[in-house]
There are 2 protein chains.
Amino acid sequence: MIKMARLTEYGFMLIMALKKSSHPVSAEYLAQTVGLEVPTVSKILKQLRKAGLLDSKRGAYGGYFLMKRKRDISLHEVIEAMEGPLALTECADLNGDCRLIDHCYMSAGMRRVNQVISQALQNVTVSEIMDTDRKITLQLKS
Amino acid sequence: MIKMARLTEYGFMLIMALKKSSHPVSAEYLAQTVGLEVPTVSKILKQLRKAGLLDSKRGAYGGYFLMKRKRDISLHEVIEAMEGPLALTECADLNGDCRLIDHCYMSAGMRRVNQVISQALQNVTVSEIMDTDRKITLQLKS
DNA sequence: CGCATATAGGACTAAATTGGTACCATATAA
DNA sequence: TTATATGGTACCAATTTAGTCCTATATGCG
């Protein structure tokens, strides 16, 4: 299905609930804020941190905080952080193991489509999908 | 994962292997052509037919054939035929049951992103992803 | 120091989705 | 009437995803 994983959606919610360079916010507090269980939230935050979108501080009064402003975080970054490199099809994935390559002629064209979608996601930021009133303007050329 | 289902990829391969208004081609023959099992191919062909992309003729010398030329079939049509309405997120899906709506503010913006991707897929045809030499040109405004 | 708080990392289980198969009914050509 | 081929549906298997738990490490403070 062409759908982001549920954990990725949660990832967006968590990023939206955080701020850049403010006091760290604990996983427990965030869990309450977004209405999810602590272990789940914890897992996602660790993953986003590993990808460099967040940073953390351990120990008492510790927690997580954004490394960038929300208007500088693209949807693409978040999705890749949560799901790894975007690959619409098996054959577009460079590490994919499409064993049907002999019967399939779409590989090159498909990669191109992949790029287009990738660009679409790179050109929209987290703050843009929060501002529901603001029109998102996309101009893509490929 | 933002990836089309494997069966959808197979669907593309089958469409590529078919022609408009020629003799019907049997599922068995197609299975050999693309290197997949007959039951699997059969299942996909039935689904594509139901969506109106193919038509079929039963009985001896029966089989499947395209209803349109490949340059008139968009990626979007094929994907929707195989996977149902495209919804990048749970909340973008009108039938989705996102119970976190109270904590999530991205719904409207996300729908917009969904539309952009949808359009990207509508603007590329099957024949374009077969012609690996031809440049696919996309100009999207949303 | 010792204790409470909080993240780091990895392993594990459960649930949901997807892929693949099989069966029986119906239609068609010769 | 027989061989060929699709229509529809139900089912099982495999994979993927979601969610939980446990132990280790770091930090602040009395």
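Per chain, numbering begins at 1; letters A, B, ... match sequence-line order. Basis for what follows: all heavy atoms, side chains included, without hydrogens, waters or symmetry-related copies.
B:Lys50 contributes no side-chain N or O that forms a donor-acceptor pair with the base of D:dG7 under 3.5 Å. Within 3.5 Å, a donor on the side chain of A:Arg58 pairs with an acceptor on the base of D:dT25, or the reverse.
When distances run from any side-chain atom of A:Tyr10 to the nucleotides D:dT20, D:dA5, D:dG19, the shortest one goes to D:dG19. Nearest to the side chain of B:Pro39, among C:dT21, D:dG7, C:dT7, sits C:dT21.
Judged by distance alone, the side chains of A:Arg49 and A:Ser56 do bring a donor and an acceptor atom under 3.5 Å apart.
Going from atom NZ of B:Lys43 over to atom P of C:dT18 covers 11 Å, rounded to whole Å. B:Lys3 has its NZ atom 14 Å from the P atom of D:dT15, to the nearest Å. Rounding to whole angstrom units, NZ of residue A:Lys46 and P of D:dC22 are separated by 13 Å. Taking atom OH on A:Tyr29 and atom P on C:dT7, their separation rounds to 14 Å, with Å as the unit. Rounded to an integer number of Å, the gap from CD of A:Gln47 to P of D:dG19 is 13 Å. For the pair A:Arg6 CZ and C:dA14 P, the computed distance is 18 Å after rounding to whole Å. If you measure from atom NZ of A:Lys57 to atom P of C:dA8, you get 13 Å, rounded to the nearest angstrom. The separation between B:His23 atom NE2 and D:dA5 atom C1' is 17 Å, rounded to whole Å.
Interatomic distance, B:Asp55 CG to B:Lys20 NZ, rounded to the nearest 0.5 Å: 11.5 Å. Here the CG-CE distance, from B:Asp72 to B:Met67, works out to 13.0 Å after rounding to the nearest 0.5 Å.
Heavy-atom nearest nucleotides on DNA chain D were determined for A:Thr40 and for B:Asp55, and the one closer to the 5' end corresponds to B:Asp55. Between A:Gly59 and A:Ala5, it is A:Ala5 whose nearest contact on DNA chain D lies nearer the 5' terminus.
No contact: A:Glu28 has no heavy atom under 4.0 Å from any strand.
Cluster membership for A:Phe65 and A:Met13, using ILVMFWY side-chain heavy atoms within less than 4.5 angstrom, is not shared.
A close approach under 4.0 Å does occur between a side-chain nitrogen or oxygen of A:Ser56 and OP1 or OP2 of C:dA8. Side-chain N/O atoms of B:Arg49 include one lying less than 4.0 angstrom from OP1 or OP2 on D:dG7.
We find that A:Glu83 and B:Lys3 are not joined by a salt bridge, their nearest charged nitrogen and carboxylate oxygen being 4.0 Å or further apart.
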